[in-house]
Chemist: 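This is the structure, below, for whatever I ask next.
Residue numbers start at 1 and run along the sequence shown. Computation of the quantities below employed the complete heavy-atom set of this structure, encompassing side-chain atoms and omitting hydrogens, waters and symmetry-equivalent molecules.
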Amino acid sequence: MAEPVWSVDPRTGKQREQVATEATAAEVDAAVTAAHATLSALAGRDVRIALLRAAADELEADGEEILRLADAETALGETRLTGELARTTGQLRAFADEVADGAYLGVIIDHADPSATPPRPDLRRYKIPLGVVAVYSASNFPLAFSVPGGDTASALAAGCPVVVKAHPDHPATSERCGAALRRAAAKVGLPEDVVTVVHGFQAGVELIKHPLVAAAGFTGSVRGGRALFDAAAARPAPIPFYGELGSLNPVVVTEDAARERAAEIGAGLAGSMTMGTGQFCTKPGLVLVPRSEAGDALVEELAAKVRETAPGVMLDARMRAAFLEGAAARAALEGVEAPVAAGEAEDNTVSAGFLTVDAARLAEDGPHDLLLEECFGPLTVIVRYDGAEQVSAVLSRLPGNLTATVHLSEAEGNGEGGPGAELLAALTPLAGRILVNGWPTGVAVTPAQQHGGPYPATTSTSTSVGATAIERWLRPVTYQNTPAALLPAELREENPLGLPRRVDGRREG
């Protein structure tokens with residue numbers, strides 16, 4: 001018998017209503033098979049453009065109810081969720097524009113050259129969709145990284161139907177958003193099964209194993225993501241698995257930057273690490289601060305601002321318990337202090353805090369390695385250092401990250417050499433996005449964005465945000481010496497679709 005799926009209020013921990021039932025293996029098979037049958041219907045670029053724009057319209061039209069459900073299931077608040085809905089519809093329309101532009105197809109034509117050594121045949125290359133994409137929703141973004149989020153939008157843009165495994169923290173929101181996307185499909189003349197939502201842990205396992213699933217996108221924990229990644233690789237025919245797993249997002253503050261604007265940096269850090277109750281994947285989790293009077297002033301300002309931060313509700317009871325346990329374990333380490341202790345607060349909330357530790361304790365393997373792991377929630381670790389050598393020693397021990405940040409003085413930022421350049425060079429191998437004098441929370445949806453980094457931040461070099469996220473769901477194909485009548489329209493000599501392309505090494509369009 002299928003298990004019920006309940007919507008739960010994270011503010012009280014009480015069940016709200018039964019939303020659905022967990023999908024059986026047979027139901028997952030039916031969803032994937034039906035999605036696979038829609039591939040030919042999604043082949044046309046014009047219909048995909050219409051689908052993405054109609055999906056944005058449908059989400060906006062049902063926005064009031066979607067926001068109500070999302071807040072009831074996540075406690076993220078109307079202001080945050082209103083912005084997230086705008087981001088979600090914006091990225092759907094941005095992918096529609098990307099499809100219309102056509103550059104993502106990567107059309108390259110090299111005409112035959114019999115005089116070359118060796119003789120060159122006629123070669124024509126472009127990209128085609130992989131097939132059905134499995135999307136695993138995120139807990140902390142019920143819209144932008146879930147059913148109607150960037151993975152779904154980019155996959156549909158590429159021409160891939162999607163089966164979404166809903167996150168258990170927001171099943172009602174997932175169902176509502178899934179219905180909006182299916183209405184959009186019907187309105188533009190597509191089968192509704194271009195998008196299907198399924199629920200349940202076992203459904204997620206069955207999904208990654210299904211032979212018709214061609215790729216998967218995931219946002220979540222290292223443990224869950226790695227299990228799915230390994231399952232994707234262990235299939236008889238392995239498939240690409242694009243997972244976002246965990247990130248510490250280190251920050252380095254130079255002595256000159258601390259001396260120049262200690263209060264500003266301390267206040268900015270407090271705002272970034274407590275934003276959304278510390279439940280952003282880009283939360284700064286490890287901050288190197290000089291051991292000096294200026295560094296002390298920064299830490300004092302951080303403490304004042306964190307104490308002013310109201311306790312917040314975490315996404316679910318399991319995450320709340322894990323945060324409290326993780327914060328306590330870190331605080332109990334030898335030599336670790338808690339100027340502001342994170343912990344349990346009233347009404348099912350948690351309070352923000354931060355820890356301090358000497359950089360020397362992180363220079364080699366030991367129990368303090370726990371401080372080099374992400375703690376999901378409103379906690380950060382301040383590492384006090386003496387000199388560049390200690391900074392280098394700590395950075396050399398960090399895993400891969402989504403972001404890495406450096407705060408420089410005005411003079412350090414204006415010079416081509418010196419410590420600013422050296423720090424950027426040290427941080428670049430650690431992350432996919434490098435920030436100077438800013439904070440990593442907040443990920444702009446633009447073509448130049450890179451939301452991904454070395455493992456365990458992500459399992460690939462791709463991005464899950466921005467226009468190039470579409471590349472994950474495509475593969476290149478080259479046609480050699482193919483008669484014109486048999487070529488896809490995208491590769492024909494006369495360029496009937498007006499696509500940007502490179503012909504014999506020259507850009508056109």
Side-chain angles (χ1 to χ4, degrees), residues 1-24 27-28 31 58-89 135-149 152 163-183 195-204 219-221 224 276-280 310-324 344-350 376-378:
M1 181 177 178
E3 293 293 323
V5 174
W6 293 87
S7 175
V8 176
D9 184 347
R11 296 176 175 90
T12 64
K14 296 180 179 179
Q15 292 179 340
R16 296 178 59 252
E17 58 181 335
Q18 183 180 344
V19 173
T21 57
E22 294 187 357
T24 63
E27 288 168 336
V28 171
E58 287 295 324
L59 289 167
E60 287 177 343
D62 198 25
E64 184 175 345
E65 181 62 12
I66 288 172
L67 293 176
R68 185 190 71 79
L69 289 172
D71 182 53
E73 293 185 312
T74 67
L76 290 174
E78 182 179 351
T79 300
R80 150 74 191 273
L81 290 168
T82 298
E84 189 179 334
L85 179 59
R87 169 183 171 155
T88 303
T89 57
V135 170
Y136 293 81
S137 294
S139 61
N140 56 344
F141 282 87
L143 306 176
F145 280 85
S146 293
V147 171
T152 297
V163 178
V164 185
K165 191 274 183 187
H167 196 279
D169 280 353
H170 35 80
T173 308
S174 298
E175 282 291 306
R176 194 83 183 193
C177 290
L181 298 186
R182 290 170 69 87
R183 286 196 306 272
V195 178
T196 303
V197 177
V198 296
H199 299 265
F201 175 84
Q202 192 58 37
T219 301
S221 68
T277 318
Q279 298 173 116
F280 280 74
V313 178
M314 295 199 70
L315 292 161
D316 63 33
R318 178 181 56 83
M319 291 182 193
R320 180 172 179 267
F323 169 70
L324 294 172
E344 191 170 6
E346 296 179 351
D347 299 325
N348 207 35
T349 62
V350 298
F376 191 72

Chemist: Show your reasoning for whether side chain to side chain contact (heavy atoms under 4.5 Å, CB included) applies to V164 and S137.
Modeler: CA-CA 7 Å; V164 185; S137 294; 3.4 Å; yes
Chemist: When you look at T74 and T173, which way does the side chain to side chain contact (heavy atoms under 4.5 Å, CB included) test go after all the steps?
Modeler: CA-CA 10 Å; T74 67; T173 308; 5.8 Å; no
Chemist: For residues V163 and A31, report the shortest heavy-atom separation together with the two atoms involved.
Modeler: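 Looks like CG2-O, 4.0 Å.
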Chemist: Donor-acceptor check, side chain of E73 to backbone of A172, threshold 3.5 angstrom: yes or no?
Modeler: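 The answer is yes, because a donor-acceptor pair under 3.5 Å joins these two groups.
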Chemist: Does the N348 side chain pair with the main chain of P10, one donor and one acceptor, at a distance under 3.5 Å?
Modeler: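 Yes.
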Chemist: Output yes when D71 and R11 qualify as a salt bridge under the 4.0 Å nitrogen-oxygen rule, no when they do not.
Modeler: yes
Chemist: Would you mind checking if E344 and R320 are paired as a salt bridge, meaning a charged N to carboxylate O distance below 4.0 Å?
Modeler: yes
Chemist: What are the two closest heavy atoms between P311 and T349, and how far apart are they?
Modeler: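 For P311 and T349, the tightest heavy-atom pair comes out as CB-OG1, 3.4 Å.
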Chemist: Taking atom types as modelled, find out whether S7 and E17 have a side-chain donor-acceptor pair closer than 3.5 angstrom.
Modeler: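 Side-chain D/A pair, S7 to E17: absent.
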Chemist: Side chain to side chain contact (heavy atoms under 4.5 Å, CB included) for R182 and T196? Distances and angles first, verdict last.
Modeler: CA-CA 8 Å; R182 290 170 69 87; T196 303; 3.4 Å; yes
Chemist: Heavy atoms only: give me the nearest V197-A166 pair and the separation to one decimal.
Modeler: CG1-CB, 3.9 Å
Chemist: Quick one, T277 with V313, criterion side chain to side chain contact (heavy atoms under 4.5 Å, CB included). Give me CA distance, side-chain angles, the key distance, then yes/no.
Modeler: CA-CA 7 Å; T277 318; V313 178; 5.9 Å; no
Chemist: Work out which heavy atom in G377 is nearest to a heavy atom in M314; give both atom names and the distance.
Modeler: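 Heavy atoms only, the tightest pair is CA-CE, 3.9 Å.
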Chemist: Is there a donor-acceptor pair closer than 3.5 Å between any side-chain N or O of Y136 and the backbone N or O of G204?
Modeler: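 Yes, Y136 side chain to G204 backbone: donor-acceptor pair under 3.5 Å.
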Chemist: I'd like to know if the side chain of E27 reaches the main chain of T24, judged simply by a donor and an acceptor atom lying under 3.5 Å from each other, with no hydrogens or angles considered.
Modeler: yes
Chemist: Please tell me if the side chains of E22 and Q202 come closer than 4.5 Å, counting only heavy atoms from C-beta onward.
Modeler: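 Of all side-chain heavy-atom pairs linking Q202 with E22, none is under 4.5 Å.
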Chemist: Of the non-hydrogen atoms in T21 and H199, which two are nearest, and what is the gap between them?
Modeler: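 Of all heavy-atom pairs spanning T21 and H199, the closest is O-CB, 4.0 Å.
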Chemist: Tell me which donor-acceptor pairs under 3.5 Å the side chains of residues 138-147 have, and how far apart each pair is, sequence neighbours excluded?
Modeler:
unit_1	atom_1	unit_2	atom_2	d
N140	ND2	Q279	O	2.8
S146	OG	A138	O	3.1
S146	OG	F141	O	2.6

Chemist: Output yes when R80 and E84 qualify as a salt bridge under the 4.0 Å nitrogen-oxygen rule, no when they do not.
Modeler: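 Salt bridge present between R80 and E84.
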Chemist: Please report the shortest heavy-atom distance between P148 and T88, naming the atom on each side.
Modeler: O-CG2, 3.3 Å
